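So the structure is just underneath, and the comments pick up after that.
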Amino acid sequence: MKYLGLIPARYGSSRFPGKPLAEIHGKSMIQRVYERSASVFGEACYVATDDERIAEAVRGFGGRVVMTSTAHRSGTDRCAEALDTIERESGQRFDVVVNIQGDEPFIAPRQLEQVRGCFDDPQTQIATLVKPFGADEDIFNENSPKVVLSISGEALYFSRSVVPFLRGAAREEWQGRHTYYKHIGLYAYRSEVLRAVTRLPQSPLELAESLEQLRWLENGYRIRVAVTDLESHAIDTPEDLQRILDLFAEELA
């Protein structure tokens, strides 16, 4: 089984322009993501970008980069184009693509290995990670999608709302009476599935919740879910970056 690690990265961000190139103790954010990812995928690890400034930075630290269109609506779409380009130029064929968030400079290699391990099951089409909400976390935060799991460990639904609704219980009791899972935005897909889902039109559920994974479920694709005990630390704003720097101050010292 051959795995390809892809890190979609774009320069334009309304809340944090140039985010991939933000410096974190002497290294850019994208370099930190790349180094952790390459520790798992080796030479089969690439940054996929539409911006020459990011590409130049990646080449500068010795990373691999593939240029993609500026028209992509999502990292998934960018990964599909990158897969085609890399296979065409390298002559290699990859069985599974892992889509790694470019704004998580402290992603744990163990999480990458965990999502990759989902494909030990030949029936797995798509895989992702979830983590139980901590007691001090707000399950009602609409920016933190919730995931409902089947007994067999597949995703039944993703929602910005709190699902399931606990009938007969006060809202403040919900977290203590049920394990709610939050989505960790790390995806992996069999190559033929990645190509297929990016050709699908947006679906009603996807448009309602603004969650692209609902398009896949709505079209009959199955999403294998692995449960991690590790937190994710995505950076959306300069304030997020400062918070993460404070959190990892000891590791960066």
Side-chain angles (χ1 to χ4, degrees), residues 1-9 19-49 54 57-66 75-76 78-79 82-83 86 90 92 94-121 124 126-132 134 147 153 155 181-191 194 213 223-236 240-241 243-253:
M1 188 83 81
K2 295 189 69 173
Y3 295 87
L4 176 64
L6 291 177
I7 308 166
K19 180 170 60 173
L21 302 184
E23 184 177 321
I24 301 175
H25 282 237
K27 294 182 179 181
S28 66
M29 185 184 303
I30 196 66
Q31 181 174 356
R32 290 190 175 275
V33 177
Y34 184 91
E35 289 176 348
R36 287 177 176 240
S37 303
S39 72
V40 175
F41 299 101
E43 292 187 355
C45 182
Y46 290 76
V47 172
T49 187
I54 295 174
V58 174
R59 296 186 193 105
F61 63 71
R64 294 172 179 265
V65 65
V66 57
T76 304
R78 197 175 303 282
C79 282
L83 169 64
I86 293 166
S90 70
Q92 299 184 71
F94 295 93
D95 302 293
V96 173
V97 174
V98 181
N99 178 353
I100 305 153
Q101 300 298 313
D103 58 4
E104 293 198 17
F106 297 102
I107 188 169
R110 179 153 61 93
Q111 290 180 309
L112 299 175
E113 292 164 354
Q114 191 174 12
V115 76
R116 185 177 66 176
C118 291
F119 292 86
D120 291 344
D121 180 349
T124 299
I126 303 171
T128 193
L129 296 183
V130 299
K131 181 182 180 298
V147 189
Y181 293 98
K182 65 178 174 180
H183 186 220
I184 303 296
L186 176 65
Y187 295 111
Y189 338 70
R190 292 200 185 272
S191 295
L194 171 60
Q213 57 270 43
I223 304 176
R224 171 70 58 186
V225 175
V227 180
T228 179
D229 59 350
L230 299 175
E231 189 57 83
S232 64
H233 300 283
I235 296 172
D236 293 320
D240 287 340
L241 176 57
R243 175 177 54 81
I244 297 301
L245 290 176
D246 293 343
L247 186 63
F248 286 91
E250 188 173 318
E251 180 177 332
L252 292 167

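Here the structure is a predicted model, which means the values were calculated and not measured.
- For the 3.5 Å distance criterion, the side chains of Asn99 and Tyr189 qualify, holding a donor opposite an acceptor.
- Salt-bridge annotation for Lys131 and Asp229: absent, with no side-chain N of the basic residue lying under 4.0 Å from a carboxylate O of the acidic one.
- Arg190 contributes atom CZ, which lies 11.0 Å from atom CD1 of Ile126 (distance to the nearest 0.5 angstrom).
- Checked by atom type and distance alone, the side chain of Tyr46 never pairs as donor or acceptor with a backbone atom of Pro8 at under 3.5 Å.
- Enclosure of atom CZ in Arg110 is not indicated, since only 12 or fewer non-hydrogen atoms of other residues, nucleotides or ligands lie within 6.0 angstrom.
- Pairing each heavy atom of Ser191 with each of Val97, the nearest pair is OG-CG2, 4.0 Å.
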Evaluation steps, side-chain contact (heavy atoms from CB on, under 4.5 Å), between Gln213 and Thr128: CA-CA 10 Å; Gln213 57 270 43; Thr128 193; over 6 Å; no

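- Residues passing the ring-ring contact (aromatic ring centres under 6.0 Å, His included) test with His233 are Phe248, sequence neighbours excluded.
- No donor-acceptor distance shorter than 3.5 angstrom exists from the side chain of Gln92 to the backbone of Ala44, with no hydrogens or angles considered.
- Proximity of a side-chain donor or acceptor of Arg32 to a complementary backbone N or O of Phe106 within less than 3.5 Å is not detected.
- With hydrogens and angles disregarded, a donor-acceptor distance shorter than 3.5 Å links the side chain of Gln111 to the backbone of Leu230.
- Aromatic pair Phe61/Tyr34: centroids less than 6.0 angstrom apart.
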Take Lys182 and Val147 through the side-chain contact (heavy atoms from CB on, under 4.5 Å) test and state the conclusion after the steps. CA-CA 6 Å; Lys182 65 178 174 180; Val147 189; over 6 Å; no

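- Residue Glu23 holds its CD atom at 11.5 Å from CE of Met29, rounded to the nearest 0.5 Å.
- For residues 36-48, the pairs satisfying salt bridge (charged side-chain N to carboxylate O under 4.0 Å, His left out) are Arg36-Glu251, Glu43-Arg64, with sequence neighbours left out.
- Closest non-hydrogen pair, Val227 versus Tyr181, comes out as CG1-CE2, 4.1 Å.
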